[in-house]
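The block underneath contains the structure these notes are about, expressed in structure tokens.
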Number of protein chains: 2
Amino acid sequence: MIEGLRGAGLKLTPQRLAIVEAFADDPTHPTAQEIFERLRRRLPTMSFATVYTTLDTLAAAGLCAVRALSPGPARFDPNVAPHGHAVCDSCGALIDLPGRAARATAAPPAGFVVRAVETIYRGACARCRAR
Amino acid sequence: MIEGLRGAGLKLTPQRLAIVEAFADDPTHPTAQEIFERLRRRLPTMSFATVYTTLDTLAAAGLCAVRALSPGPARFDPNVAPHGHAVCDSCGALIDLPGRAARATAAPPAGFVVRAVETIYRGACARCRAR
DNA sequence: ATGCATGCAAACTCTTTGCAAACGC
DNA sequence: GCGTTTGCAAAGAGTTTGCATGCAT
């Protein structure tokens, strides 16, 4: 991901490096708040707004993905390859499904009780493409 | 849906009836704002908060679904059966996929250019079930 | 008559923005 | 040195809540 920052012509600031390290290897899809709290210990002057803008910057550069699959804060995903998720109705937790589960063939995560399965197409609608 | 209100022991107020009529047959997944604007003409004293609380009440009674699949305002769906959606990256529009598209077999809507397909499991995670 | 529902405003959560100071390149 | 990035605070979007009044049952 750090290579990606450099490749996108973005500056390698201590804040950005710390944010990348804080979630690049984390499969739990932390929120901005959670990432901010992890960093506070090491970089006490870190601003919450910087966490947001940096994550936005990473997402705009295609280096991470923003997941908004349920109400509540957005979750950030270092895995930009298309893949499915199990979403908890009560806490909003996001758990990766293995593989490019375009079809619902992947087994749900251990202990997860499935209430519904749905398919989502992401893309551009006809109206937006017309512009 | 009105039957459902009665069956759930909820009062049939003019506001609730108007809200139900405003989106019960609407496949476009309006936001609370959009529903509110439709009602304003007929019920000028209608409060925006009433729209939210009523939609919450309907959802809690299982009479509609709240869809939060992308950033921005939640969208309300009168179709509570599990089904898939096409989500526009740029405007957030939600378009129904036909059938119980548990598997990605449904054709995308006309004019929609698909960038990615993903599967979502909804349910209860192990941690929440433990409580 | 009773208690749930409404309307209003204010609070709250999550995210973005404006601007001066600081820093990477 | 130049232009981007940071930190802070304030603003903005979206949603929820408290409380007095009103209405369905």
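Quantities reported herein were computed from a predicted structural model and do not represent experimental measurements. Lettering of chains follows the sequences in order, A, B, ..., and the numbering in each one begins at 1.
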Identify the two heavy atoms, one from M1(B) and one from L63(B), that lie closest to each other, and give their separation to 0.1 Å. CE-O, 3.5 Å
Please check the phosphate of dG7(C) (OP1 and OP2 only) for any side-chain N or O of T50(B) closer than 4.0 Å. yes
Are any non-hydrogen side-chain atoms of I95(B) and P27(B) less than 4.5 angstrom apart? no
Gap between atom CD1 of I19(B) and atom OG1 of T54(B) - 0.5 Å precision: 4.0 Å
In the 5'-to-3' direction, what one-character label does each nucleotide of nucleotides 20-25 of chain D receive under the scheme B = base within less than 4.0 Å of a protein heavy atom, S = sugar-phosphate only, - = no such atom? ----BS
So V20(B) and L5(B), do their side chains get closer than 4.5 Å, heavy atoms only? yes
Atom-pair distance (CD on Q15(A); C1' on dC8(D)), nearest Å: 14 Å
Does R115(B) come within less than 4.0 Å of D89(B), counting only side-chain N to carboxylate O? yes
Separation of atom CE in M46(A) from atom P in dA22(C), rounded to whole Å: 18 Å
How many whole angstroms separate atom CG of L58(B) from atom C1' of dT15(D)? 16 Å
Do the charged groups of D26(B) and R38(B) touch, with an N to O distance under 4.0 Å? yes
Protein within reach of the bases, or only the backbone? For nucleotides 12-18 of chain C, mark each nucleotide 5' to 3' as B, S or -, using heavy atoms under 4.0 Å. --SBBB-
When rounded to the nearest 0.5 angstrom, what is the spacing between CG in L55(B) and CZ in R75(B)? 13.0 Å
Cluster question for you: counting only ILVMFWY and a side-chain heavy-atom cut-off of under 4.5 Å, with indirect links fine, are L94(A) and F76(A) together? no
